[in-house]
Every structure is written in C-alpha cells, then in structure tokens.
K.L.:
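Please read through the structure below; I'll follow up with questions.
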Amino acid sequence: MVKTEKIEVRTRGNCDVVNITEQVSEVVAQSGVREATVMLFNVGSTAGITTTEYEPGLVNYDIAAAFEKIAPANGRYEHEETWHDDNGHSHVRASILGPSLSVPVVDGRLTLGTWQQIILVDFDTRPRTRTVICQIIGE
Ligand code: ZN
C-alpha cells in the first residue's frame with residue numbers, strides 16, 4: 001500500500017523549530033498501516049526536517065547557534081546577488097539539514113525514542129506556512 005498525505009505547518013521563520021510529531025503520528029494512525037515506512041518531505045528550499053529532543057535549550061538556542069556558525073545570517077552569499085533577497089544563509093542551512101526524513105512504523109507506531117521528536121526547522125527570514133508530504137509505504 002502507498003498512501004500520500006499532506007500536513008501544514010505554520011512557522012515564525014528565522015530558525016523556528018516546530019514539533020510535528022503529533023501531526024505525523026495522526027497521519028500514520030489514520031492510514032491504518034501496521035508495518036511501513038513513512039517518508040516526510042518538506043516542499044521548499046529554505047526549511048528542513050530532522051529529529052531532536054524537544055526541550056527549550058536545543059529548540060530555542062543550541063540548534064540556531066550551531067547553524068549560525070556554519071552559515072551566518074550576516075555572511076555574504078552569491079544567492080543574494082542573484083535574486084537581491086536576504087536568505088542566502090536560509091538556503092545553505094536547509095541544504096545541509098536536508099528536506100526529508102524516513103521513520104519506520106512497527107505495530108502501527110512510529111519507532112521514535114522516548115525523547116526523540118520529529119522537527120521541522122524553518123530557516124527562512126519570515127513566517128511561512130509549510131507543506132510536508134507524508135508518504136506511507138507498507139501494509
Ligand atoms: Zn532567496
């Protein structure tokens with residue numbers, strides 16, 4: 001069975017870390033699958049998906065601080081010369097994090113660790129509404 005659903009995620013931009021675990025769990029539960037893989041894909045090139053422990057230190061400080069070192073917001077980006085915009089760092093950060101995540105589903109449940117949550121990180125420089133494709137492959 002292959003089933004494709006979408007979830008919508010509102011963000012504040014600027015490295016906003018949004019916990020989407022509950023929305024993904026709901027999509028999996030409603031699909032009725034028992035053994036499967038759910039593949040999540042953010043549509044757009046300035047946000048990414050991964051997992052983390054969703055606690056204030058990581059969510060509000062540490063993840064943003066790490067990306068600020070890798071691709072500083074006030075750095076110089078050729079992308080901004082091309083389009084005369086301000087989000088070169090957003091694109092670089094999103095490329096490094098990656099747009100997708102696959103999670104195994106066993107006995108109808110996501111196999112996440114106790115402190116492991118699925119997050120969307122929005123690197124763009126303004127609030128956005130994101131679409132995440134959830135494609136479930138299994139039975
Ligand atoms: Zn741009």
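In each ligand, atom 1 is the first atom listed, and ligand 1 is the first ligand listed. Throughout, residue positions are numbered sequentially from 1 according to the sequence presented. Not measured: the values here are computed from a predicted model.
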K.L.:
Report yes or no: does His91 contribute a side-chain atom to a donor-acceptor pair with the main-chain N or O of Ser45 at less than 3.5 Å?
P.N.:
yes

K.L.:
Out of the N/O/S atoms in Asp85, what is the name of the one closest to the Zn ion (ligand 1)?
P.N.:
OD2

K.L.:
Do any N or O atoms from the side chain of Arg12 and from the backbone of Pro127 form a donor-acceptor pair under 3.5 angstrom?
P.N.:
no

K.L.:
Just verifying a value: how many Å separate Leu120 CG and Ile49 CD1, rounded to the nearest 0.5 Å?
P.N.:
5.5 Å

K.L.:
Measure from the Zn ion (ligand 1) to each N, O or S atom of Asn87 and report whether any distance is below 2.8 Å.
P.N.:
yes

K.L.:
What is the name of the N/O/S atom of His79 that is nearest to the Zn ion (ligand 1)?
P.N.:
NE2

K.L.:
Given Asp86 and Thr125, is the side chain to side chain donor-acceptor pair (under 3.5 Å) satisfied, shown in steps?
P.N.:
CA-CA 7 Å; Asp86 65 349; Thr125 52; 3.0 Å; yes

